Amino acid sequence: ARVYGYFEIKGQLPTGNLPQTPPSPMFYWSSQVKKSLSNWGFNEVYNYSLVSKELLSRLGETNNIVTILNPLTEDMTVMRTTLVPQLLENILINKTRQDLRFFELSNIYLSKEGDLPDEIPMLTIALSSPKEDFFSFKGVLENLTKELKINETEFAKTNHSYLSPVAEILINDKKVGVMGEVKKISLDKFGLNRKVFVADLFFDALSQYAKRTNNFTPFPRYQPITLDLTITKPDKLTIASLLKTSRNSSSLLKEIEVKD
């Protein structure tokens, strides 16, 4: 063009329709999740993807680590395999405040032999407040799934290396994450002497089950019948399994509310 001459090329506006790129569902749902959590008083944080191996070892998360060959500093020698340690450090930095609510939506990196590491988007939420407990934090997650119009969410008791009490989060019987209280022995490694509740969710799974529209049903022809039942259950029987069995017992049953 320089040899021919720029001024010899006639200016002409482009014609035709511009190609339309469909919006990514991941960006849409990440925006919805961030908006909801922010409205509920949570603050989004952005932490580095590079961390020290010592930081991950405090929670025992040292499997499938991606090691950097030429790290800039000793604090950035590996790619993070979980977002939880950095959120605990965020709480430590702001420990003078009573009510702390943080979340981060970012990738973790797991090594894969003979190939590039897996990049897995995770949503991790941390809550530390004297006003909150395990069940109020569980309510935050229930409200989040309702915002995403996910109606098949269940919480089941499980075991975890650094969370207790802890529950795994299930959607259609598929595990999408865990939530619980960080054990004191793990908090001591971060210099924290306050209760911290954490939820770690696979964001791909959340966006897969999320819905943009509500399902509407016609109004019933007859007045509803409300039953008030008192049930004495064995200690080994969980509320989640009891509710699941009850919901599947009849198509006429529309809603179950646990009072106590």
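Basis for what follows: all heavy atoms, side chains included, without hydrogens, waters or symmetry-related copies. On a predicted model such as this, the values are computed, not experimentally measured, just so you know.
No more than 12 heavy atoms of other residues, nucleotides or ligands sit less than 6.0 Å from atom CG of N159.
Side chain of S246 to main chain of L242: a donor-acceptor pair is present (N/O by atom type, distance under 3.5 Å, no hydrogens or angles). A donor-acceptor pair is defined here as one N or O able to donate and one able to accept, closer than 3.5 Å; such a pair exists between the side chain of D133 and the backbone of F135. Remark: the backbone N or O of K34 is not paired with any side-chain donor or acceptor of E44 at under 3.5 angstrom. Between the side chain of T81 and the backbone N or O of E61 there is at least one donor-acceptor pair closer than 3.5 Å.
Counting heavy atoms from C-beta outward, H160 and T158 have side chains that stay 4.5 Å or more apart. Taking 4.5 Å as the limit, some side-chain heavy atom of P85 sits within range of a side-chain heavy atom of F190. Considering only heavy atoms from C-beta on, F202 comes within 4.5 Å of M122 through its side chain. Using a 4.5 Å cut-off on side-chain heavy atoms (C-beta onward), R58 and E89 make contact.
Taking hydrophobic clusters as Ile, Leu, Val, Met, Phe, Trp and Tyr residues chained together by side-chain heavy-atom distances below 4.5 Å, L141 does not share a cluster with V182. When the side chains of ILVMFWY residues are joined at heavy-atom separations under 4.5 Å, either directly or via intervening members, F197 and F155 end up in a single hydrophobic cluster. In terms of hydrophobic clustering, with Ile, Leu, Val, Met, Phe, Trp and Tyr side chains grouped at heavy-atom distances under 4.5 Å, I91 and L105 are assigned to different clusters.
A salt bridge links E142 with K138: the closest approach of a Lys/Arg side-chain nitrogen to an acidic carboxylate oxygen falls below 4.0 angstrom.
The two residues W29 and L148 make their nearest non-hydrogen contact at CE3-CD2, 3.6 Å. When every heavy atom of L59 is checked against every heavy atom of S161, the shortest pair comes out as O-OG, 4.1 Å. Across E54 and S57, no two heavy atoms sit closer than the pair O-OG, 2.6 Å. When all heavy atoms of N107 and P121 are compared, the closest pair comes out as OD1-CA, 3.3 Å. Across all non-hydrogen atoms, the minimal contact from S52 to V78 is C-CG2, 3.9 Å. Contact detail for K211 and K149: the closest heavy-atom pair is NZ-O, 3.2 Å.
Y48 pairs with exactly one of M76, M79, R80 by the side-chain contact (heavy atoms from CB on, under 4.5 Å) rule, that one being M76.
Once rounded to the nearest 0.5 Å, the distance linking CG of N193 with NZ of K95 reads 7.5 Å.
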